[in-house]
K.L.:
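Pasting a structure below so you can have a look.
Here is the naming used below: chain letters follow the sequence lines, and residue numbers restart at 1 for every chain. In this text, all values refer to a predicted model and were calculated from it rather than measured experimentally. Values reported hereafter were calculated over all heavy atoms of this structure, with side chains retained and with hydrogens, waters and symmetry mates removed.
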Amino acid sequence: MAVPIDCRRCWPPSSGENPSSMRLSRYFLPTLRETPKEAEIVSHRLMLRAGMIRQQAAGIYSWLPLGKRVLANIEQIVREEQNRAGAIEILMPTIQPADLWRESGRYDDYGKEMLRIEDRHERDMLYGPTNEEMVTEIFRAYVSSYRALPLNLYHIQWKFRDEVRPRFGIMRGREFLMKDAYSFDIDQEGARAAYHRMFVSYLRTFERLGLKAIPMRADTGPIGGDLSHEFIILADTGESEVFCDRTYLSMNAPDAGVDYWDDAAMAKIVEEFTTPYAATDEMHDEAAYNALPEADRLSARGIEVGHIFYFGTKYSEPMNARVQGPDGKEHTVHMGSYGIGPTRLVAAIIEAFHDEDGIKWPEAVAPFHVGLINMKPGDAACDEICEKLYNALPASGVDVLYDDTDNRAGAKFATFDLIGVPFQVIAGPRSAAEGKVEIKNRADGSRDTVTVEEAINRFVAA
RNA sequence: CGGAGUGUAGCGCAGCCUGGUAGCGCACCUGCUUCGGGAGCAGGGGGUCGCAGGUUCAAAUCCUGCCACUCCGACCA
């Protein structure tokens with residue numbers, strides 16, 4: 001028998017351990033057995049209990065390792081789908097000069113939700129609640145020809161809106177992460193095509209996140225038209241009441257092969273997804289809804305996880321963002337903006353996927369794929385099997401959180417149920433002696449006892 | 001911003017009414033025993049009692065002011 005070597009204090013790992021996998025004994029996972037009293041909704045309670053976030057002030061949170069991993073996974077999916085749809089990533093600052101906002105007139109209009117700051121030179125600054133002005137400034141500085149269009153620039157950046165009443169944890173924080181994309185086109189027709197690309201991109205993004213997001217017509221304000229949609233996911237604890245055709249539940253987003261530059265195809269998909277009835281309470285048309293067959297009506301609570309809209313020349317006009325067209329004339333560009341809130345999505349996903357024991361992460365965003373539970377550290381068979389799995393799975397791209405602690409079985413199960421890792425691989429003395437482990441599926445609670453090789457193959461194949 | 005409420009150890013709470021050396025459970029540390037669904041026993045560490053004034057011999061406790069946070073409503077990615 002090999003001499004056991006306690007290498008838990010060796011860090012960074014010299015063995016080539018995949019850093020995307022972790023030993024629990026070396027991780028920072030401050031879980032809570034009891035729920036802090038301020039947490040009212042389930043996602044907030046579970047995020048605090050699972051050690052994902054730490055509140056620093058009203059509506060302002062630190063992201064702890066587990067939360068950070070989920071957030072990063074969401075960001076990456078959003079990023080990939082934005083890129084696929086032709087948007088180009090940039091990064092604008094959180095702090096902006098007030099002068100830009102004076103140009104658009106919003107410095108005075110925005111009100112107290114905007115956090116205003118003065119720097120040491122007594123210059124008026126602000127912590128950006130959004131970036132239309134800044135991206136328009138970038139655009140006008142460099143783009144002067146229609147040949148550069150269409151153009152869509154996005155970034156994923158922290159925003160601050162000084163909400164009167166932050167609540168529901170991260171769901172309605174003051175500081176939040178947002179992906180905001182901004183499209184520039186020479187005319188409304190081009191802007192419509194840009195809008196459609198983002199619409200389709202959103203369908204794919206939310207589907208990849210494991211969510212059923214339903215596009216609902218939103219108020220376009222003074223601009224009017226049909227180019228504003230909120231993407232709503234259904235959850236019992238949603239903030240607003242929504243009404244839609246049940247048919248949405250069985251609709252699937254287009255696959256990755258769609259051609260975003262085929263305007264007609266894009267328009268067709270958008271039409272398909274905007275034809276069935278769907279509205280939030282403020283846009284609700286009782287008569288139209290009641291015209292649906294009783295069985296098709298779906299009335300539920302919803303959480304807004306994305307919002308896209310066309311706003312024409314609202315910023316390009318006052319800020320002089322113009323390009324020269326093929327006709328030799330100057331054209332004020334038509335713009336749209338497209339937001340997704342990754343931080344809110346973390347909470348929204350939990351609202352949609354949890355049970356009384358904890359979170360049930362969809363695989364695409366899970367902080368780890370597998371929770372490897374060594375039921376009896378020190379037992380030769382358990383240790384050997386766990387080390388084998390802990391080496392094999394990460395090597396194949398499966399992120400593992402290995403519970404190598406000597407806590408009791410019940411505590412380990414409770415922790416992994418709480419943090420919602422999709423699969424628990426359990427190595428206990430009885431089965432380990434036969435070279436087997438148990439696999440528990442967190443989503444449906446099903447269990448299987450398989451050989452170590454089968455376990456490896458199952459995750460690697462998936 | 002209107003209404004309600006709470007601040008005592010990392011988390012959940014008691015103590016306050018009736019002033020007198022700050023306590024319980026969880027978590028944490030040590031030891032022993034346990035070991036497949038948040039173990040048991042024993043020992044231990046940790047607190048400016050939100051802050052500032054005031055009353056008093058003495059304030060977590062009484063008085064005044066402030067601050068922070070939460071919840072309900074109106075508003076929003």
K.L.:
Say you pick atom P in B/C26 and the same atom in B/U64; how far apart are they, in whole Å?
P.N.:
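About 39 Å, rounded to a whole number of Å.
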K.L.:
What is the base-pairing partner of B/C16, counting Watson-Crick and G-U wobble geometry with both distances under 3.5 Å?
P.N.:
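Result: none.
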K.L.:
Partner of B/U61 by Watson-Crick or G-U wobble geometry, both contacts under 3.5 Å, or none?
P.N.:
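Looking at the geometry, B/U61 pairs with no nucleotide.
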K.L.:
Considering only residues two or more places apart or on different chains, which pairs with a residue in residues 339-349 of chain A satisfy salt bridge (Lys or Arg N to Asp or Glu O under 4.0 Å)?
P.N.:
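Salt bridge (Lys or Arg N to Asp or Glu O under 4.0 Å) check on residues 339-349 of chain A returns A/Glu239-A/Arg344.
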K.L.:
If I pick the P atom on B/G50 and the same atom on B/G10, what distance separates them, to the nearest angstrom?
P.N.:
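Straight-line distance between the two P atoms is 13 Å.
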K.L.:
Between B/U8 and B/G15, how many Å separate the two C1' atoms, rounded to a whole number?
P.N.:
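Looking at atom C1' only, B/U8 and B/G15 are 9 Å apart.
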K.L.:
What's A/Lys159 touching, base or sugar-phosphate or nothing? Going by heavy atoms closer than 4.0 Å.
P.N.:
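If one applies the 4.0 Å heavy-atom cut-off, A/Lys159 turns out to touch nothing in the nucleic acid.
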K.L.:
Contact class for A/Gly428 vs. all strands (heavy atom < 4.0 Å): base, sugar-phosphate, or nothing?
P.N.:
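If one applies the 4.0 Å heavy-atom cut-off, A/Gly428 turns out to touch a base.
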K.L.:
Does B/C66 pair with anything, Watson-Crick or G-U wobble, both distances under 3.5 Å, and if so, with which nucleotide?
P.N.:
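When the pairing criteria are applied, B/G50 turns out to be the nucleotide that pairs with B/C66.
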K.L.:
Can you sort out the partners of A/Asp180 under side chain to side chain donor-acceptor pair (under 3.5 Å), two or more places apart, ordered by chain and number?
P.N.:
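So A/Asp180 forms a side chain to side chain donor-acceptor pair (under 3.5 Å) with A/His155, A/Lys159, A/Tyr182.
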K.L.:
Regarding A/Glu230, tell me which of base, sugar-phosphate or nothing describes its non-hydrogen contacts under 4.0 Å with the strands shown.
P.N.:
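The answer is nothing, as A/Glu230 stays clear of every strand by at least 4.0 Å.
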K.L.:
Only counting residues at least two apart or in another chain, list the ones meeting side chain to side chain donor-acceptor pair (under 3.5 Å) with A/His196.
P.N.:
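If we apply the side chain to side chain donor-acceptor pair (under 3.5 Å) test to A/His196, skipping adjacent residues, there are no hits.
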K.L.:
Heavy atoms under 4.0 Å, any strand shown: does A/Thr415 hit a base, just sugar-phosphate, or nothing?
P.N.:
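Base, at least one base heavy atom under 4.0 Å.
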K.L.:
What distance, rounded to whole Å, do you find between the two C1' atoms, one in B/A9 and one in B/A14?
P.N.:
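Straight-line distance between the two C1' atoms is 14 Å.
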K.L.:
Just jot down the side chain to side chain donor-acceptor pair (under 3.5 Å) partners of A/His284, sequence neighbours excluded, or say none.
P.N.:
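Residues passing side chain to side chain donor-acceptor pair (under 3.5 Å) with A/His284: A/Tyr277, A/Glu286.
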K.L.:
Does A/Phe309 have its ring centroid less than 6.0 Å away from the ring centroid of A/His307?
P.N.:
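Ring centres of A/His307 and A/Phe309 closer than 6.0 Å.
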K.L.:
What does A/Gly173 touch in the nucleic acid at a heavy-atom separation under 4.0 angstrom: a base, only the sugar-phosphate, or nothing?
P.N.:
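Here A/Gly173 touches the bases of the nucleic acid.
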K.L.:
Would you call A/Arg106 and A/Asp109 a salt bridge, using N to O less than 4.0 angstrom?
P.N.:
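No, no charged N to carboxylate O under 4.0 Å.
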K.L.:
Mapping A/Lys440 and A/Glu304 onto RNA chain B by nearest heavy atom, which one lands closer to the 5' end?
P.N.:
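Its nucleotide being nearer the 5' end, the pick is A/Lys440.
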K.L.:
Side-chain atoms of residues 416-427 of chain A: list all donor-acceptor pairs with protein atoms under 3.5 Å, sequence neighbours left out, distances to 0.1 Å.
P.N.:
{"unit_1": "A/Asp417", "atom_1": "OD1", "unit_2": "A/Gln424", "atom_2": "NE2", "d": "2.7"}
{"unit_1": "A/Asp417", "atom_1": "OD1", "unit_2": "A/Lys440", "atom_2": "NZ", "d": "3.0"}
{"unit_1": "A/Asp417", "atom_1": "OD2", "unit_2": "A/Lys440", "atom_2": "NZ", "d": "3.4"}

K.L.:
Provide the Watson-Crick or G-U wobble partner of B/C1, both distances under 3.5 Å; none if there is no partner.
P.N.:
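Base partner found: B/G73.
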K.L.:
For the P atoms, the ones on B/U6 and on B/C24, what distance do you get once it is rounded to whole angstrom?
P.N.:
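Result for the P pair: 25 Å, nearest Å.
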K.L.:
Could you identify the nucleotide paired to B/G25, looking across every strand shown and requiring Watson-Crick or G-U wobble geometry with both distances under 3.5 Å?
P.N.:
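Pairing partner: B/C11.
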K.L.:
Taking B/A22 as the reference, what is the distance to B/C66 when you measure between their P atoms (whole Å, please)?
P.N.:
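After rounding to an integer number of Å, I get 30 Å for this pair.
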K.L.:
Where along residues 94-118 of chain A does a heavy atom come under 4.0 Å from RNA chain B, residue by residue in number order?
P.N.:
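The answer is A/Lys112.
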K.L.:
Just checking A/Ala57: base, sugar-phosphate only, or nothing, at a heavy-atom cut-off of under 4.0 Å?
P.N.:
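Counting heavy atoms under 4.0 Å across all strands, the contact made by A/Ala57 is with sugar-phosphate only.
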K.L.:
Could A/Glu453 and A/Lys388 be called an ion pair, given the rule that one side-chain N must be under 4.0 Å from one carboxylate O?
P.N.:
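Salt bridge flag = yes for A/Lys388 with A/Glu453.
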K.L.:
Looking at residues at least two apart in the chain, or sitting in another chain, which of them share a side chain to side chain donor-acceptor pair (under 3.5 Å) with A/Asn407?
P.N.:
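With sequence neighbours excluded, A/Asn407 shows a side chain to side chain donor-acceptor pair (under 3.5 Å) to A/Thr405, given in chain and number order.
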K.L.:
Closest-nucleotide mapping onto RNA chain B: is A/Gln55 or A/Pro36 further toward the 5' terminus? I mean the 5' end.
P.N.:
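The residue closer to the strand's 5' end, by nearest nucleotide, is A/Pro36.
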K.L.:
Is B/G36 paired to anything, Watson-Crick or G-U wobble with both distances less than 3.5 Å, and if yes, which nucleotide?
P.N.:
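Partner of B/G36: none.
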K.L.:
Counting any heavy atom closer than 4.0 Å, what does A/Ala409 reach on the DNA or RNA strands: base, sugar-phosphate only, or nothing?
P.N.:
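Here A/Ala409 touches the backbone only, sparing every base.
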K.L.:
Considering only the C1' atoms, how many Å lie between B/C35 and B/G40, rounded to the nearest integer?
P.N.:
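Roughly 12 Å separates the two C1' atoms.
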K.L.:
Between A/Arg217 and A/Glu230, is the closest basic N to carboxylate O distance under 4.0 Å?
P.N.:
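No.
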K.L.:
Which part of the nucleic acid, if any, lies within reach of A/Ser431 when heavy atoms closer than 4.0 Å are counted: base, sugar-phosphate only, or nothing?
P.N.:
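Since a base atom lies under 4.0 Å of A/Ser431, the category is base.
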K.L.:
Name each donor-acceptor pair under 3.5 Å that joins a side chain in residues 62-69 of chain A to protein atoms two or more places apart or in another chain, with its distance.
P.N.:
{"unit_1": "A/Ser62", "atom_1": "OG", "unit_2": "A/Gln56", "atom_2": "OE1", "d": "2.6"}
{"unit_1": "A/Arg69", "atom_1": "NE", "unit_2": "A/Pro367", "atom_2": "O", "d": "2.7"}
{"unit_1": "A/Arg69", "atom_1": "NH1", "unit_2": "A/Ser20", "atom_2": "O", "d": "3.3"}
{"unit_1": "A/Arg69", "atom_1": "NH2", "unit_2": "A/Ser20", "atom_2": "O", "d": "2.7"}
{"unit_1": "A/Arg69", "atom_1": "NH2", "unit_2": "A/Pro367", "atom_2": "O", "d": "3.1"}
{"unit_1": "A/Arg69", "atom_1": "NH2", "unit_2": "A/Asp399", "atom_2": "OD2", "d": "3.4"}

K.L.:
Both distances under 3.5 Å, Watson-Crick or G-U wobble: report the partner of B/A42, or none.
P.N.:
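B/U30 is the nucleotide pairing with B/A42.
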K.L.:
In whole Å, measure the gap between the C1' atoms of B/C13 and B/A27 for me.
P.N.:
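Each nucleotide's C1' atom is 14 Å from the other's.
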K.L.:
Could you tell me the boundaries of the chain A footprint on RNA chain B, defined by atoms under 4.0 Å from its heavy atoms?
P.N.:
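In short, chain A contacts RNA chain B from B/C1 to B/A77.
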